[in-house]
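Written below as structure tokens is the structure these notes are about.
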2 protein chains.
Amino acid sequence: MTAAGNHQASRTGRRLERAGIRDVAAAAGVSITTVSDALNGKGRLPDATRRHVREVADRLGYRPSAAARTLRTGRSGLIGLTVTTYGEEPFTFTEFAYFAEMARAATSAALARGYALVILPASSRHDVWGNVALDGTVVIDPSDHDPLVTELVRQGVPVVSDGRPAGSLPVHAWVDNDHEAAVLGILDHLAAAGARRIGLLTGTTTDTYTRLSTTAYLEWCERVGQEPVYESYPAHDPRAGAVAADRLLARPDRPDAVYGLFDPNGTDLLAAARRYGLRVPDDLLLVCCSESTVYASTEPPITTLSLQPRRIGTAVVQLLIDAIEGVGGAHPVQQVMPTELIVRTSSQRRAHRTTVSHPRGPAGG
Amino acid sequence: MTAAGNHQASRTGRRLERAGIRDVAAAAGVSITTVSDALNGKGRLPDATRRHVREVADRLGYRPSAAARTLRTGRSGLIGLTVTTYGEEPFTFTEFAYFAEMARAATSAALARGYALVILPASSRHDVWGNVALDGTVVIDPSDHDPLVTELVRQGVPVVSDGRPAGSLPVHAWVDNDHEAAVLGILDHLAAAGARRIGLLTGTTTDTYTRLSTTAYLEWCERVGQEPVYESYPAHDPRAGAVAADRLLARPDRPDAVYGLFDPNGTDLLAAARRYGLRVPDDLLLVCCSESTVYASTEPPITTLSLQPRRIGTAVVQLLIDAIEGVGGAHPVQQVMPTELIVRTSSQRRAHRTTVSHPRGPAGG
DNA sequence: CCCCCCTGAAGATAGGTTTCTGCAAGATCG
DNA sequence: CGATCTTGCAGAAACCTATCTTCAGGGGGG
């Protein structure tokens with residue numbers, strides 16, 4: 001049997017012509033339908049035919065066209081990932097560690113279910129959003145009445161958000177930490193360690209995380225009868241953080257414990273403490289919210305609150321894919337994930353239990 | 001076996017029917033061709049018709065189907081981004097800061113030219129690579145004879161790598177730092193600051209960065225007649241880094257200056273120095289390669305080498321899109337980017353200009 | 001012995017866009 | 001005034017796959 005339909009040898013002769021499904025069909029001596037069924041495990045075919053077709057397809061290096069498949073099935077296997085931006089850069093500076101971890105987990109989770117992640121900007125002049133076929137989208141920290149989310153939902157694209165949607169954003173589901181509980185837990189922890197006046201380093205932005213955390217702090221203060229002591233700064237500006245930390249410790253009503261809401265606050269507060277001759281944890285207890293491992297080896301190591309971005313990333317993607325594939329119910333799902341307080345020296349006034357005593361070098365330096 | 005059971009779901013019923021190009025054509029009273037031409041700025045049409053069509057399209061909320069467009073044009077506007085993985089996680093732990101910055105810059109650059117980035121695993125059981133239509137791919141630190149890269153190139157997909165391709169990987173272009181020059185520069189810098197014996201904290205992995213840097217170090221040692229003093233550890237294990245830092249400072253031939261090749265080395269070395277009662281920079285000069293801003297506010301601030309991931313991410317994407325669009329020549333391009341040494345207190349023996357003197361006794365145990 | 005069902009596989013269509021080709025009518029020119 | 005060019009737009013092919021429908025033939029049940 002000589003190959004029929006081989007006449008399209010050099011169409012334009014330019015590029016390496018990728019083998020299409022009909023080339024496989026011709027080479028295997030079957031129809032296009034049979035090839036499709038054999039490769040996708042559908043239809044009614046004897047195993048012999050299936051094997052034969054697969055073998056021929058492999059030999060030709062056949063790869064189904066993703067575009068054609070998407071067009072036909074309406075599924076692209078692509079999930080958008082976007083984070084609200086402050087300014088023109090697509091990602092927020094202060095969210096790096098969180099974002100990187102979250103994205104990594106989300107990528108893994110998506111991959112395990114056969115999807116890939118597309119990084120997209122929350123806003124853009126060029127309409128990239130319209131140019132890519134998305135089965136759904138993960139939105140990190142959507143802002144109030146986010147026009148992008150509204151538009152996506154209007155188009156029927158499932159949207160799941162990391163962080164409670166502010167206002168009445170019509171997302172299909174969301175995942176978030178219990179920020180109030182986290183803050184209250186930290187404040188109790190600090191109080192238990194002997195803190196009399198706990199300060200807060202917070203942000204001027206209006207996102208949900210900042211708002212909920214600050215509110216919880218103020219509530220706690222009112223409950224225990226402490227005067228609130230806090231400084232705010234624009235969270236996307238790293239320099240402003242250092243200044244705010246300094247300001248907080250320069251106040252006449254200087255706190256003897258501080259919780260910083262953002263990742264770099266730990267080092268900033270530590271540096272400020274040094275400038276004012278405050279020993280940590282003896283004169284000042286310190287906790288900050290961070291995913292960074294550097295706080296394990298600062299001097300002293302700093303207690304951190306982890307938002308567990310890995311868990312969140314995984315959960316968000318699972319929820320989204322469930323929505324895409326119509327697994328879950330039609331009603332919106334909200335999922336609250338626990339946080340983890342990693343207690344280190346900076347918030348323990350009594351003992352340093354984390355490190356063992358270390359023998360000094362025999363030949364002292 | 002399963003019955004078809006495919007419910008057509010009333011044609012005009014539940015699902016929001018997206019308007020297609022022919023709906024626009026019908027509504028505007030023109031042909032499909034005219035709509036396409038009007039919206040894409042092609043063909044010969046009077047402005048009046050163009051405006052009319054655009055208006056109708058807007059009114060209907062028309063969005064061209066990305067899948068159909070991709071199928072027709074052969075361009076998806078999607079670029080793959082992958083990083084070689086050590087282990088099962090898609091990203092390397094130690095590359096977080098670098099990766100996050102690089103990805104951010106790459107996303108921006110791609111976006112500016114109308115492309116979006118897809119995060120993909122370097123290896124995977126599920127063949128996600130085959131399921132997404134990519135115009136090209138960025139590969140971070142490809143390993144020797146990377147099968148993925150080979151396959152992509154075989155399929156005619158342009159590949160540009162961040163980092164020199166090891167072996168004879170057939171990438172279309174690559175971008176890398178001048179690692180030898182960077183290391184030599186740092187060693188000279190340390191020597192000029194008074195270092196007599198410079199140590200190196202390096203990795204056991206065989207990637208190009210580690211290899212080139214280590215080689216440059218050994219070369220420099222031979223040139224100036226210093227006995228090499230270095231410790232290696234698996235770079236993906238953060239705990240191993242702390243141990244290796246400790247080992248390096250515990251050696252009988254303890255160095256009086258150290259360069260650490262990986263991001264966390266700075267804090268690890270600082271912690272180790274404290275354990276051995278070594279003052280930085282008086283007893284020990286410190287430099288590490290990092291993109292993290294925390295080193296600006298450690299005590300003391302640590303000199304870092306920045307690989308400038310933003311520049312690299314931008315350059316890689318530009319090169320790739322040039323290759324995709326056939327702008328550049330057909331021959332492979334290699335582009336070497338400069339590094340930046342951010343000099344801080346930890347590598348300056350003479351003066352502490354950044355901080356005032358702090359009255360503190362001998363470091364506590 | 002006839003009919004029906006079941007197996008195995010081919011034919012045809014749809015999915016939405018871009019673009020090549022074609023065509024009519026008005027404008028221009030010899 | 002006829003021929004050619006230009007303008008404005010329409011028709012239809014092609015992109016590649018998945019799936020719905022159809023069909024031939026063989027075997028089992030009535």
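Throughout, protein chains are lettered first and strands after them, A, B, ... in sequence-line order, and every chain is numbered starting at 1. Just so we're clear, the structure is a prediction, and the values are computed from it rather than from any experiment.
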In whole Å, what is the span from the [atom1] atom of [X] to the [atom2] atom of [N]?
{"X": "Arg75(B)", "N": "dT17(C)", "atom1": "CZ", "atom2": "C1'", "result": "16 Å"}
{"X": "His52(B)", "N": "dC9(D)", "atom1": "NE2", "atom2": "P", "result": "10 Å"}
{"X": "Arg50(A)", "N": "dG8(C)", "atom1": "CZ", "atom2": "P", "result": "10 Å"}
{"X": "Asn40(A)", "N": "dT19(D)", "atom1": "CG", "atom2": "P", "result": "7 Å"}
{"X": "Leu39(A)", "N": "dC16(D)", "atom1": "CG", "atom2": "P", "result": "16 Å"}
{"X": "Asp23(A)", "N": "dC16(D)", "atom1": "CG", "atom2": "P", "result": "9 Å"}
{"X": "Ile32(B)", "N": "dG11(D)", "atom1": "CD1", "atom2": "P", "result": "9 Å"}
{"X": "Arg18(B)", "N": "dA14(C)", "atom1": "CZ", "atom2": "P", "result": "20 Å"}

Can you find a donor-acceptor pair, distance only, under 3.5 Å between [X] side chain and [N] base?
{"X": "Arg72(A)", "N": "dG15(C)", "result": "no"}
{"X": "Thr49(A)", "N": "dG8(C)", "result": "no"}
{"X": "Thr33(A)", "N": "dT19(D)", "result": "yes"}

Identify whether any heavy atom of [X] sits under 4.0 Å from a base atom; if not, whether one sits that close to sugar-phosphate; answer base, sugar-phosphate or nothing.
{"X": "Arg44(B)", "result": "base"}
{"X": "Arg63(B)", "result": "sugar-phosphate"}
{"X": "Asp37(B)", "result": "base"}

Does a nitrogen or oxygen in the side chain of [X] sit under 4.0 Å from OP1 or OP2 of [N]?
{"X": "Lys42(A)", "N": "dA18(D)", "answer": "no"}
{"X": "Ser36(A)", "N": "dT17(D)", "answer": "no"}
{"X": "Ser31(B)", "N": "dC9(D)", "answer": "no"}
{"X": "Tyr62(A)", "N": "dT17(D)", "answer": "yes"}
{"X": "Arg22(B)", "N": "dG16(C)", "answer": "yes"}

To the nearest 0.5 Å, atom CH2 of Trp129(A) lies from atom CG of Leu148(A) at 4.5 Å
Separation of Asp37(A) CG from Ser31(A) OG (nearest 0.5 Å): 8.0 Å
Among dA9(C), dG8(D), dG16(C), find the nucleotide with the atom closest to the side chain of Leu71(A). dG16(C)
Output yes when Asp322(A) and Arg113(A) qualify as a salt bridge under the 4.0 Å nitrogen-oxygen rule, no when they do not. yes
Ser36(B) and Thr33(B) side chains, donor-acceptor separation under 3.5 Å: no
No-hydrogen, no-angle side-chain donor-acceptor test under 3.5 Å, Arg164(A) and Gln334(A): no
